[in-house]
**Q** 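Got a structure for you, written out below as structure tokens; questions coming shortly.
As the structure is a prediction and not an experimental result, all values here were calculated from the model.
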Amino acid sequence: MANSALGTGGNLMLALKTRMHFHQSRQKVLAENVANSDSPGFRPMDVKAPVISAGNGGVGPVSLARTSDGHMGIGGRSDGFDSARARRFETTPSGNAVNLEDEMMKVAQNQSDYQLAASLYSKGLGLMKIAIGKGR
């Protein structure tokens, strides 16, 4: 039983570590977008988040069961539109498509997500140290 608990903890720690690396890479790309906000013809880029599932070292996805097709809101919007990820089509006459307001919002959210992952990672390490008798 202890091995499976440590294995699950190890998978969670690996998933958090992967997530922190993703946020570091994304921060670099977002900073380049902001830095090139006045460069003619520059198109903003973003990094796709890694898929963390039970098969590649993470914990499996969690979802609510839908017991009837008549239940609304359980699976999110059914029309396939995600307003949080709506694309902007703003381009300046010089061909630059960077929207500083959007980029700064992404930077702030990315920083917050990184801090959460780092905090959870730190707490997990503390719990593992307590479990093996070297903590506190």
**Q** To the nearest 0.5 Å, tell me how far Asn36 CG sits from Asn96 CG.
**A**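 These two atoms lie 8.0 Å from each other.
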**Q** Would you compute the distance between atom CG of Leu116 and atom CD of Gln111 and round it to the nearest 0.5 angstrom?
**A**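 Nearest 0.5 Å value for the CG-CD distance: 12.5 Å.
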**Q** Counting neighbours of CG on Asp46 that are heavy atoms of other residues, nucleotides or ligands and sit closer than 6.0 Å, is the number greater than 12?
**A**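 Check passes, neighbour count above 12.
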**Q** Could you tell me which non-hydrogen atom of Leu30 sits nearest to which non-hydrogen atom of Met45, and how far apart they are?
**A**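 Smallest interatomic distance, heavy atoms only, reads CD2-O, 4.5 Å.
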**Q** State whether the side chain of Thr18 and the backbone N or O of Leu14 hold a donor-acceptor pair below 3.5 Å, judged by distance alone.
**A**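 Here the side-chain-to-backbone pair exists.
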**Q** Under the salt bridge (charged side-chain N to carboxylate O under 4.0 Å, His left out) rule, collect the residues that match up with Lys28, sequence neighbours excluded.
**A**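 Checked Lys28 against salt bridge (charged side-chain N to carboxylate O under 4.0 Å, His left out); matches are Glu32.
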**Q** If hydrophobic clusters are built from ILVMFWY residues whose side chains come within less than 4.5 Å, do Val29 and Met105 share one?
**A**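 Looking at the clustering, Met105 is in a separate group from Val29.
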**Q** If we ignore hydrogens and angles and just use 3.5 Å, is the side chain of Asn33 paired with the main-chain N or O of Phe42 as donor and acceptor?
**A**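 No.
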**Q** Met20 and Ala117: which non-hydrogen atoms are nearest, and at how many Å?
**A**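 Looking at all heavy atoms of both residues, the shortest contact is CG-CB, 3.7 Å.
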**Q** Between Leu16 and Tyr121, what is the shortest heavy-atom contact and its length?
**A**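 Reported closest heavy-atom pair: CD1-N, 3.7 Å.
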**Q** So, applying side-chain contact (heavy atoms from CB on, under 4.5 Å) with Tyr114, which one of Arg26, Gln24, Arg19, His21 is it?
**A**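 Between Tyr114 and the candidates, side-chain contact (heavy atoms from CB on, under 4.5 Å) is satisfied uniquely by Gln24.
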**Q** Where do Phe22 and Ala49 come nearest, in terms of heavy atoms and distance?
**A**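 The answer is CE1-CA, 3.5 Å.
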**Q** Hey, could you give me the CD/CG distance between Gln27 and Asp113, rounded to the nearest 0.5 Å?
**A**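 Gln27 atom CD to Asp113 atom CG measures 11.0 Å (nearest 0.5 Å).
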**Q** Compare every heavy atom of Ser25 with every heavy atom of Val47, then report the nearest pair and how far apart it is.
**A**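 What the structure gives for the nearest pair is CG2-O, 4.2 Å.
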**Q** Taking the hydrophobic residues Ile, Leu, Val, Met, Phe, Trp and Tyr, and joining any pair whose side-chain heavy atoms are under 4.5 Å apart, which ones share a cluster with Leu127?
**A**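 Direct or chained contacts put Leu127 with none.
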**Q** Between Ser37 and Leu100, what is the shortest heavy-atom contact and its length?
**A**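 Answer, listing the atom of Ser37 first, then Leu100: CB-CD2, 3.7 Å.
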**Q** Going from OG on Ser122 to CD on Gln115, what distance comes out if it is rounded to the nearest 0.5 angstrom?
**A**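 It is 13.0 Å, given to the nearest 0.5 Å.
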